[in-house]
Amino acid sequence: MIPATFAPLGKESGEITSYHINKAIGMDAVIKYFNADIKDTIAIGDGFNDIPMFEKAYLSIAMGNAPQEIKDKANRITTSLDDDGIYHAFKELNLI
């Protein structure tokens with residue numbers, strides 16, 4: 001089990017995932033479907049289940065509310081989920 005980062009559920013909650021299926025596998029499917037280049041991938045997350053995605057993506061961005069272990073694995077850190085972190089990350093990257 002992977003510890004959850006969804007604060008309202010508390011530390012007693014968690015996320016259940018398959019050992020062989022994770023967000024990186026999902027990225028592989030999308031990359032293949034769109035015939036995309038890995039250099040065009042960005043992963044944004046705040047939880048332990050995002051680590052495989054961070055390891056796969058060309059650029060990984062941790063939300064400001066993420067645990068320090070997640071921030072340590074990211075290339076960049078943005079503001080928290082509650083402070084429009086995805087918006088700020090995309091603005092900083094000139095994507096919007």
Side-chain angles (χ1 to χ4, degrees):
M1 185 168 77
I2 297 171
T5 55
F6 187 61
L9 298 179
K11 292 183 179 183
E12 291 76 33
S13 67
E15 299 176 28
I16 299 173
T17 63
S18 171
Y19 183 73
H20 298 288
I21 300 174
N22 57 46
K23 291 183 179 185
I25 301 299
M27 286 182 64
D28 285 334
V30 172
I31 290 166
K32 182 178 178 182
Y33 181 84
F34 287 106
N35 195 30
D37 190 313
I38 194 71
K39 291 182 180 177
D40 294 325
T41 60
I42 301 170
I44 301 178
D46 64 357
F48 293 95
N49 65 333
D50 296 317
I51 292 173
M53 183 174 62
F54 278 17
E55 293 171 347
K56 168 65 86 176
Y58 186 75
L59 176 64
S60 59
I61 303 172
M63 302 296 289
N65 57 285
Q68 189 60 47
E69 298 94 331
I70 305 305
K71 292 176 181 176
D72 291 344
K73 295 197 176 288
N75 302 114
R76 294 178 180 227
I77 300 169
T78 188
T79 58
S80 71
L81 179 65
D82 293 335
D83 190 25
D84 302 318
I86 295 173
Y87 170 81
H88 291 293
F90 281 18
K91 285 286 282 186
E92 185 177 316
L93 294 169
N94 295 315
L95 296 174
I96 56 173

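Any value given below was found using the heavy atoms of this structure, including those in side chains, with hydrogens, waters and symmetry copies removed.
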Check for me, please, whether [X] and [Y] land in the same ILVMFWY cluster - side-chain distances under 4.5 Å, paths through other members count.
X	Y	result
L93	I96	yes
F90	L81	yes
I86	L59	yes
V30	Y33	yes
M27	I44	no

When you compare the side chain of [Y] with that of [X], does any pair of heavy atoms fall below 4.5 Å?
X	Y	result
D28	K56	yes
N65	D82	no
E92	T78	no
N22	M53	no
D37	Y58	no

Next on the checklist: Please check: side-chain N/O of T79 versus main-chain N/O of G64, any donor-acceptor pairing under 3.5 Å?
Outcome noted: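 Checking the backbone N and O of G64 against the side chain of T79, no donor-acceptor pair under 3.5 Å is found.
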
For the residue pair [X] and [Y], what are the closest heavy atoms and their distance?
X	Y	result
A24	P52	CB-O, 3.4 Å
H88	D83	CD2-O, 3.0 Å
D46	P67	O-CD, 3.3 Å
A74	S60	CA-OG, 3.3 Å

Can you tell me how far the [atom1] atom of [X] sits from the [atom2] atom of [Y], to the nearest 0.5 Å?
X	Y	atom1	atom2	answer
F48	K73	CZ	NZ	9.5 Å
I61	D50	CD1	CG	12.0 Å
I42	F54	CD1	CZ	12.0 Å
I70	M63	CD1	CE	13.0 Å

Checklist entry - If you draw a 6.0 Å radius around CG in L95, do more than 12 non-hydrogen atoms from other residues or ligands fall strictly inside? => result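 Check passes, neighbour count above 12.
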
